[in-house]
Novice: 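One structure coming up, written as structure tokens, with questions to follow.
Counting starts at 1 for both ligands and their atoms, following the listed order.
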Amino acid sequence: MNKENDNNLMEKIVSLSKRRGFVFQGSEIYGGLSGTYSAGPYGVELKKNIKDLWWKKFVQSREDIVGIDGPILLHPKLWEVSGHTTGFNDSMVDCKECKKRFRADHLVEDATGKDLEGNNEEMTRILQEEKIKCPNCKKSNWTEARNFNMMFKTEMANIEGDLYLRPETAGAIFIEFKNIVDSMHLKIPFGVAQTGKAFRNEIVAGNFIFRLREFEQMEIEYFIDPDAKWESLFEKWLELQEEFAMEIGAKKEDLRRYEHPKAKLSHYSKKTVDVEYKFPFGGFKELFGLAHRGDFDLSSHSKASNEKLECYDQDTNKKYTPHVLEPTFGLERCLLVSLISAYCEEEVNGETRVVMRFPKKLAPVKVAILPLSKKEDLSKQTRELFDSLKEEFACEYDETQSIGKRYRRQDEIGTPYCVTFDFESLEDKSVTVRDRDTMKQERIKISELTNYLKKNLG
Ligand code: GAP
């Protein structure tokens with residue numbers, strides 16, 4: 001299926017996501033709450049499998065990376081010191097005619113190709129002089145572009161002033177640095193990983209689950225010797241990020257790198273590169289990011305807290321504030337990439353078959369166990385088979401509707417194997433195993449089924 005030429009692809013994915021329990025609009029029965037969503041019963045499994053894959057690749061299988069799970073509510077000083085309180089802004093502009101609000105930089109970039117992020121004066125001039133039209137009412141009558149802080153404010157009973165829901169997971173890693181170094185034997189270079197919710201008051205949320213107000217991040221702070229050659233490590237991290245994108249289904253040709261222009265980098269950053277994916281809406285957009293943040297975070301928190309945030313390097317007998325490389329991943333963008341990459345339509349016997357070709361390790365259900373009919377002795381023995389397999393694999397038992405309809409249902413949720421127990425199974429102690437991708441059917445002895453599935457699911 002040619003995804004580039006399928007303008008309706010996103011509509012089909014949004015519709016399948018709702019119909020088959022992957023993704024629902026948040027608070028839908030009350031008209032929806034924009035920028036929020038619920039993962040449905042299969043979506044939550046898919047998300048969990050993506051997160052587990054990430055954790056296994058970047059934490060459990062590496063000796064140089066440990067994990068933490070910090071709180072969503074963090075001391076307000078953290079956001080002041082990190083610059084978020086004053087600088088975590090997007091430029092917003094309102095249409096005076098229809099009262100809709102937009103990201104000024106997005107309007108200007110779409111109309112002129114110029115990236116003027118942060119330059120409100122110039123964006124206001126262009127919007128007004130070039131009479132850029134409102135995407136909603138098509139008129140051109142704009143307010144001035146102005147900064148809008150994207151952090152969500154909240155309160156705590158015994159704290160004076162504003163508290164914020166964290167806008168990124170990374171912050172807790174820096175303020176727990178001393179605890180981590182003191183409690184673990186870590187040799188530089190080493191990393192600290194964290195996954196969890198982040199909240200951003202996006203001016204315009206949208207493109208399904210691409211830009212949300214509540215989402216999950218998977219981030220690593222990778223601490224390095226300031227005198228070490230960082231370029232090769234930076235390149236290695238980019239390769240690992242691209243590798244992970246392909247493990248969740250992205251094709252190499254749908255990925256590219258975008259290096260942020262030097263002039264736009266913060267003074268402390270040596271380099272920032274986004275790994276972009278070719279989404280069906282508007283082409284290449286950020287999937288992951290990688291930034292060299294120098295020692296900005298640790299030095300700033302050290303100064304503000306009077307705590308030494310350093311590490312001791314046994315090899316060189318040096319004590320120093322390390323520099324940091326920050327590979328960051330958005331979980332919902334991963335979920336979206338895996339839905340887009342998996343979606344396939346094909347003609348089978350004059351009918352359209354929709355099949356989600358998820359990488360097998362990500363599939364929400366690995367094996368569907370289906371009795372050919374609801375007749376009592378078949379159901380009973382099929383259930384026994386289901387009970388014996390469900391400890392080992394994510395299984396689903398289904399006896400509703402015809403076998404053909406059940407196969408199609410499992411195709412739509414991307415189940416790699418359907419196991420059918422029929423009348424012959426009572427005699428020959430074998431079942432029919434159907435492969436999602438080839439639709440080939442094989443007769444397998446029940447006694448060999450677990451090994452067969454283990455081998456094929458990998
Ligand atoms: N600590 C660095 C950081 O937060 P970022 O580029 O702002 O960097 C990291 O965010 C990743 O989080 C992005 O690459 C993207 O995958 C995801 N992300 C950011 N904003 C998002 C949003 N509003 N909705 C969904 N995912 C988002």
Side-chain angles (χ1 to χ4, degrees), residues 23 26 33-37 39 47 50-51 54 58 68 70 72 74 78-79 82-84 87-90 103 105-106 117-118 148-152 164-175 191-222 237-238 240-242 244-245 248 250 255-260 264-266 268-269 271-277 279 281 284-294 296-298 324-340:
V23 174
L33 184 66
S34 153
T36 69
Y37 80 102
K47 243 175 95 169
I50 295 171
K51 210 158 35 164
W54 187 91
F58 294 115
I68 64 159
I72 285 170
L74 292 146
L78 159 54
W79 307 118
S82 66
H84 281 78
F88 194 56
N89 302 322
D90 272 342
R103 281 269 299 264
D105 52 326
H106 287 177
E117 198 191 325
F148 176 76
N149 191 281
M150 291 163 72
M151 288 201 292
F152 276 104
Y164 300 95
L165 301 181
R166 67 180 178 200
E168 59 173 22
T169 55
I173 298 179
F174 295 118
I175 61 170
V192 182
Q194 187 177 205
T195 68
K197 290 266 187 183
F199 302 82
R200 292 185 187 180
N201 201 355
E202 295 282 354
I203 296 167
V204 183
N207 282 327
F208 193 34
I209 52 170
F210 178 80
R211 195 174 302 284
L212 293 160
R213 296 197 167 94
E214 174 178 345
F215 56 99
E216 276 187 66
Q217 290 185 320
M218 308 184 286
E219 298 196 292
I220 299 162
E221 301 303 327
Y222 197 71
W237 271 112
L238 277 175
L240 286 172
Q241 290 187 294
E242 288 163 343
F244 184 74
I248 58 169
L255 296 171
R256 75 170 189 197
R257 295 177 183 185
Y258 167 74
E259 182 168 350
H260 291 223
K264 297 209 111 201
L265 293 178
S266 318
Y268 51 80
S269 176
K271 189 169 176 167
T272 297
V273 176
D274 293 341
V275 174
E276 296 186 328
Y277 175 78
F279 287 95
F281 43 88
F284 282 101
K285 290 184 191 304
E286 178 181 349
L287 174 60
F288 308 142
L290 175 63
H292 187 311
R293 296 182 60 86
F296 170 75
D297 303 273
L298 288 183
V324 72
L325 304 181
E326 182 185 67
T328 174
F329 304 67
L331 181 53
E332 283 74 10
R333 292 198 186 167
C334 292
L335 181 62
L336 186 52
V337 166
S338 69
L339 289 167
I340 293 167

Novice: May I have a table of the N/O to N/O pairs between ligand 1 and the protein that fall below 3.5 Å, each row giving the two atom names and the distance to 0.1 Å?
Specialist:
| residue | atom | partner | partner atom | Å |
| --- | --- | --- | --- | --- |
| ligand 1 | 1 (N) | E168 | OE1 | 2.7 |
| ligand 1 | 1 (N) | E219 | OE2 | 2.5 |
| ligand 1 | 1 (N) | E326 | OE1 | 3.3 |
| ligand 1 | 1 (N) | E326 | OE2 | 3.3 |
| ligand 1 | 4 (O) | E168 | OE1 | 3.4 |
| ligand 1 | 4 (O) | R200 | NH2 | 2.9 |
| ligand 1 | 4 (O) | Q217 | NE2 | 3.1 |
| ligand 1 | 6 (O) | E286 | OE2 | 3.0 |
| ligand 1 | 7 (O) | R200 | NH1 | 2.8 |
| ligand 1 | 7 (O) | R200 | NH2 | 3.0 |
| ligand 1 | 10 (O) | Q217 | NE2 | 3.3 |
| ligand 1 | 12 (O) | Q217 | NE2 | 3.3 |
| ligand 1 | 14 (O) | E286 | OE2 | 2.6 |
| ligand 1 | 14 (O) | L287 | O | 3.3 |
| ligand 1 | 16 (O) | L287 | O | 2.7 |
| ligand 1 | 16 (O) | G330 | N | 3.1 |
| ligand 1 | 20 (N) | R200 | NH1 | 3.4 |
| ligand 1 | 23 (N) | E202 | OE2 | 2.8 |
| ligand 1 | 23 (N) | L212 | N | 3.4 |
| ligand 1 | 23 (N) | L212 | O | 2.8 |
| ligand 1 | 24 (N) | F210 | O | 3.3 |
| ligand 1 | 24 (N) | L212 | N | 2.9 |

Novice: Got a sec, which residues hit side-chain contact (heavy atoms from CB on, under 4.5 Å) with T36, two or more places apart in sequence or on another chain?
Specialist: Q25, L33
Novice: Return yes if some donor-acceptor pair links the side-chain N/O of R333 with the main-chain N/O of F288 below 3.5 Å, else return no.
Specialist: no
Novice: According to side-chain contact (heavy atoms from CB on, under 4.5 Å), who are the partners of T195, at least two apart in sequence or on a separate chain?
Specialist: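 With neighbours one apart ignored, the set is K51, W54, W55, M218.
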Novice: Taking D274 for its side chain and E276 for its backbone only, find out whether a donor-acceptor pair lies under 3.5 Å.
Specialist: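 It does not hold such a pair.
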Novice: Do side-chain atoms of R166 reach the backbone of A172 as a donor and acceptor pair under 3.5 angstrom?
Specialist: no
Novice: Compile the donor-acceptor pairs under 3.5 Å between side chains in residues 197-207 and protein atoms, sequence neighbours left out, one pair per line.
Specialist:
| residue | atom | partner | partner atom | Å |
| --- | --- | --- | --- | --- |
| K197 | NZ | E214 | OE2 | 2.9 |
| R200 | NE | P167 | O | 2.9 |
| R200 | NH2 | P167 | O | 3.1 |

